[in-house]
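This report refers to the structure that appears directly beneath it.
Within every chain, numbering begins at 1; the chains are lettered A, B, ... in the order of the sequence lines, protein sequences first and strands thereafter. These figures come from a predicted structure and were not determined experimentally.
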Number of protein chains: 2
Amino acid sequence: MSEISRNGVGDGGQAGRIGIGLELDDVHLKILEVLRENGRISVAALAERVGISRANAYTRFEALRADGAIKRFTAEIDHVRAGLGITALIFVTVRQQMWKQFRAELARMPQVEYCAITTGQHDAMIQVRVSDVAEVHTMVTDRLANIPAVKATETVFILDEVLRRPYVLPSDRARPARRPAQETQGEVPLGKMRFVGASEGRATLRKEG
Amino acid sequence: MSEISRNGVGDGGQAGRIGIGLELDDVHLKILEVLRENGRISVAALAERVGISRANAYTRFEALRADGAIKRFTAEIDHVRAGLGITALIFVTVRQQMWKQFRAELARMPQVEYCAITTGQHDAMIQVRVSDVAEVHTMVTDRLANIPAVKATETVFILDEVLRRPYVLPSDRARPARRPAQETQGEVPLGKMRFVGASEGRATLRKEG
DNA sequence: GTTGAAATTAGTACGAA
DNA sequence: TTCGTACTAATTTCAAC
């Protein structure tokens, strides 16, 4: 139910300022690294693992929280054990200028775990978790189809979740500089690698919601 | 990097056993509910919020952990503030019987936050977080395209993440029984609601990886 | 499954480097 | 800023009920 940060594709090129507030240094990143693996670690143990004093750890911990770099702490739950063995992705085409309504309806659907607005053929992708396949059908034909904002949907099932990392951090990609790209440029069938941009009028969608 | 549980679409219809081990009752679910919102809450405070004794809370907390219903605790990090402002979805068509290789390569790509095997037109969806759009291009044409297992890709960008719930739980959908479906059946353009099954041979893919 | 008291640990405050 | 220490509050453990 929480609004989360925007991934401005438009302003991403400039990069530069990481946050309006806190400037994250290596120590901050290391704290985040530890915390995403073990969200329940004590600040004392955190300080030791990062190699700073307890007082410093408390200060930085609070700063990261206050700044919003850490949004919240959560338990990762095994949805299958919790009785929600079915996961589906529903790609939604949304009628323009009806995003506010769409978002409001989403908030009222507890089965929805994630929703992102995307470029490409569809306008949004939502991930739902339910107990059986019939419920997916009910959701799509009963709930989504009744939202005027929804023009069309396409549903696929998730057969297996191969990989889930708590959160990717910049420090993860400690690659030795940028790799020379020409080693592959010649032999790779680039034609099979499609990038799908937004359809017309989508650039303004974010402002409406 | 962690393998996570399978969502067996095939065995989902039978439902029934939630986990081999622990049978989750209402108290367990309430504990999970609290924990997914606040992963750092003390067990003492948890006990109070759930309405049980502390000793009981400790017992159940440990049981949930041991059983695997709680997989881990993690900090939700604002990727934009962390310097990874670009999120993209890459839909991948994987050459059959090369899943093991595909998974191995995935594990070596730190930008990948999530990967799921899906039914439908493509075989897998991966979500990546990077600092700029150029890095997406590099990833797709440089890394993914070099994996023999990858037949084709389709990339879309995430413009906005509208909703993210820590984890959906069965107790969320406290709907008053099953809603009568006929109220909508007549008027909804069901033709616009597509369900996309797996292409041939996909049913066996999970065993290979 | 609950309560209460001991042992441990966490969180705060503050002076010094 | 960061560190180290001392102080206070809270949590966890363990016992008996």
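- Arg65(B) has its CZ atom 15 Å from the C1' atom of dT12(D), to the nearest Å.
- With rounding to whole Å, Glu48(A) atom CD is found 18 Å from dT2(D) atom C1'.
- Set against dT11(D), dT2(C), dT2(D), the side chain of Ile52(B) has dT2(C) as its closest nucleotide.
- Put simply, CG on Asn56(B) is 17 Å from C1' on dT11(D), counting in whole angstrom units.
- The side chain of Ser53(A) has dT2(D) as its nearest neighbour among dT13(D), dT2(D), dA10(C).
- Remark: Tyr58(A) is not in phosphate contact with dT12(C), judged by side-chain N or O atoms under 4.0 Å from OP1 or OP2.
- Between Pro166(A) and Thr74(B), the closest heavy-atom pair is CB-OG1, 3.2 Å.
- Taking only side-chain atoms of Arg54(A), from C-beta outward, the nucleotide of dT11(D), dC3(D), dT12(C) with the closest atom is dT12(C).
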Stepwise side-chain hydrogen bond (donor to acceptor under 3.5 Å, both in side chains) check, Arg129(B) with Thr87(B): CA-CA 5 Å; Arg129(B) 302 216 188 258; Thr87(B) 305; 2.6 Å; yes

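- Atom pair His28(B):NE2 and dG1(C):C1' shows a separation of 13 Å (rounding to whole Å applied).
- Checking dT2(C), dG4(D), dT12(D) against the side-chain heavy atoms of Ala44(B) singles out dT12(D) as nearest.
- Residue Met193(B) comes nearest to Val140(A) through the heavy atom pair CB-CG1, 3.9 Å, listed as atom of the first residue, atom of the second, then distance.
- Rounded to whole angstrom, the span from the CG atom of Leu46(A) across to the C1' atom of dG11(C) amounts to 14 Å.
- Minimum interatomic distance between Leu84(A) and Pro170(B) (heavy atoms only, all atoms of both residues): CD1-N, 3.6 Å.
- Rounded to the nearest 0.5 angstrom, Thr155(A) OG1 and Phe195(B) CZ are separated by 4.5 Å.
- Closest-nucleotide positions on DNA chain D for Arg40(A) and Thr59(A) were compared, and the one nearer the 5' end corresponds to Thr59(A).
- Rounded to whole Å, the distance from CD on Glu23(A) to P on dT1(D) is 13 Å.
- Between Arg60(A) and dT2(D) there is a side-chain polar atom (N or O) within less than 4.0 angstrom of OP1 or OP2.
- Summarising the geometry, the separation between CD on Glu62(A) and P on dA10(C) is reported as 16 Å, rounded to the nearest angstrom.
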